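This report refers to the structure that appears directly beneath it.
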Amino acid sequence: MYSQQETAKLQELTDRLLAGTKDHPFKKNEIEQLRDVLRFHEYRYYILNDPLIADFEYDSLYKALEKMESAYPELITRASPTQRVAKGLTKDFATVQHLVPMLSLENSYNADDLLDWDRKARELSGTEQIEYCAEPKFDGASISLIYENDLFSRGATRGDGVEGDDISTNIRQIRSVPLSAKFSAYGIQQIEIRGEVLMTKKNFRMYNDMLAEQNLPPLANPRNAAAGTLRIKDPKEVGRRNLEAFLYHVSYFTNTDEHTEINKALRTHSGCLEMLWELGFRSPQKERKILKGIQAVIDHCHEFEKHRDDLPYEIDGIVIKVNEIALQDKMGMTTHHPRWAIAFKFKARQATTKLKAVEFQVGRTGAVTPVAKLDPVAIGGVTVSSISIHNEDYIKEKDLKIGDSVLIERAGDVIPQIVKSLPELRTGLEKKIFFPKHCPVCKSELAKEEEEAVWRCINIECAAQAVERIIHFASKDAMDIRSLGDANIRKFFELGFLKDIPGIYQLPFDQIAGLEGFGEKSIGNLKAAIEASKQQPLHRLIYGLGIRFIGETTAKVLANAIDYLPDLKDKSLEALQNLEDIGPKVAGSILKFFQVSDNIKMLHELEKLGLSLKSDRNTKATSGSLDGYTFLFTGTLTKLKRSEAEEMAEKNGGKILSGVSSKLNYLIVGEDAGSKLEKAKKIPSIKILSEEEFIRLVNK
Ligand code: IVH
């Protein structure tokens, strides 16, 4: 898309414009240069995944363009990078007709299916050996885009294949879809392109984490997340979800001259993909392969399946297409699918099974979670027999009944989920799921807060909660006392050997020694693991306390903000909210925990038993390349988890600060950085780095 020369020129222009953002307002005739530069950097970031400037530099250029456009509104164009942002909400999506019906694909599952298909293809086309183009079968939501006179003019969902919904405003939010593209260079005035909108696995995980934080059930897979997002009526929210698009098929174009050299390129499918890539689209580029004959295709499919999980997005197979468009035309199509393409489906990660019963489990916060017990079924090498069904609303929404056939899915590394029930397979014997009114363990009445979907046991003494709290405290990401294990904790609790968290450090080993399976060696290991946990850093202890909404990252922020854990009881709601990433909900939860005197008593008990409640923030190892330097992270990091980035800095001798001040050496800015960045810009001694620059600094 951009030659080396053009890249160098645009980078030079970037530097000049960046310098300009500080010194003087731009001139009217610089507006198009600003746009060119922004488009170039969007391409580097969203298509190539290889940015050349820091996010905040992009932001300052973007803001400069916004400023110019508000000063000279007559110069705004539809394809300006600022024009992705929509004003207001979408009412209803209009129904629109596709220029060419969006057909589906025939499926194949093994080598024999492909051999059969190839035989028919050779017969139909009258060719001895066919050249195929193989590319991933992207597992997202299907879209079609129209460009007219080099401008994006419409984006639609697949719908019934003939008509879909006009989702142009939402498509404009997807940064890898160019708002303008020079199709005229190929003699094309109007073109319709098909593709798939995806949510990467990483963004999907972040999205589900966000749902979990709000006590909402997760989505089953990135495909549902992408399809759901495309239907949202708030385009800004669509923008926040960071969708991506792969374009893989040119379905229609008006062509001026068939005989030019350029149009020869469009005589093959791979040539069309090449054109899309050249024009700045994300089309399968590294991901596609030209293969001669079906055996090469079969080998490629098997090889690709092995590496399926290495991709940052989900794919569910390979699509094989006859590469010559003339041959495609000769082969034609059925009413459902083209005869010149086939999908090779990877091993399913979905399966149907029976929902046999529902059990209700009580968690450490008292939340009562229904768990579906299933007829065991293998999906992608794992046998699934029980799945959380989250809450009462979820059961209603999915229309689940005991005895139902259900479709379940294990997408990549996501915990298996029920995708849907299959009511068409009901026999009439299915039973409604009744949510209990009382705690299944302590029998006290359950309660539900107004804005919540979760029923809770609010009896502090509830045995189930006590056990779950101990299990969480000992878990891998908290105090990491692995040899204690869930089963032992339950057993010790039942036998009265362990009733609360401090009890871990007072276990009656003389009595445990009498239990079956507890020899000298295992007791020795257990003792050592418990003893070792006393040295865990404070943030792990804080996380282990299981305070609602306090995940690992917030626990680190808290550990860094205090000298002595019980001091948190004296912090005000405002003081807590001033800490990084702590909003009113989290601050309220911390306050609530530290206001309960029994909780403070428990902390002092732990202290007496040999655990430290002091922050280790001043005693961290300070040896490494970042020795003596201070760091602060702001905005959303895209490559590392915040906690990982902080750990990286600390491991190399750096120190994490909680706010911007002249003591700060480095501010690392992620996406959507806000006030901290603004404040840091006013202190000249602070170096502002992008995430990539930070990683480079650590690796130096
Ligand atoms: S080509 C006329 N290529 O799979 C041929 N489809 O199960 C149009 N899909 O409806 C389709 N990746 O939504 C094509 N590389 C790819 C694809 C792909 C995913 C989807 C597409 C299609 C569905 C069929």
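Each ligand, and each atom within it, is numbered from 1 in the order the structure gives. The shown structure was predicted, so the numbers you read here are calculated from the model rather than taken from an experiment. These numbers come from the heavy atoms of this one structure, side chains and all, not from hydrogens, waters or symmetry mates.
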Arg78 atom CZ: more than 12 heavy-atom contacts under 6.0 Å = no

Can you check whether Val100's main-chain N or O pairs, donor with acceptor, with Glu192's side chain at less than 3.5 Å?
-> yes

Could you tell me whether the side chain of His302 reaches within less than 4.5 Å of the side chain of Phe344, counting heavy atoms only?
-> yes

Cationic tip of Lys233 above Phe93 ring, under 6.0 Å, 45° of axis | yes

List, for ligand 1, each N/O atom that has a protein N/O partner under 3.5 Å away, with both atom names and the distance.
unit_1, atom_1, unit_2, atom_2, d
ligand 1, 3 (N), Lys321, NZ, 2.9
ligand 1, 4 (O), Lys137, NZ, 3.3
ligand 1, 7 (O), Lys137, NZ, 3.1
ligand 1, 9 (N), Tyr248, OH, 3.4
ligand 1, 10 (O), Arg194, NH2, 3.3
ligand 1, 12 (N), Phe138, N, 3.0
ligand 1, 13 (O), Ser142, OG, 2.9
ligand 1, 13 (O), Glu196, OE1, 3.0
ligand 1, 13 (O), Tyr248, OH, 3.2
ligand 1, 15 (N), Glu135, OE2, 3.0
ligand 1, 15 (N), Pro136, O, 3.0

Under the salt bridge (charged side-chain N to carboxylate O under 4.0 Å, His left out) test, residues paired with Lys373 that sit two or more places apart = Glu359

Option passing side chain to side chain contact (heavy atoms under 4.5 Å, CB included) with Leu327 (candidates Thr268, Leu124, Val322) = Val322

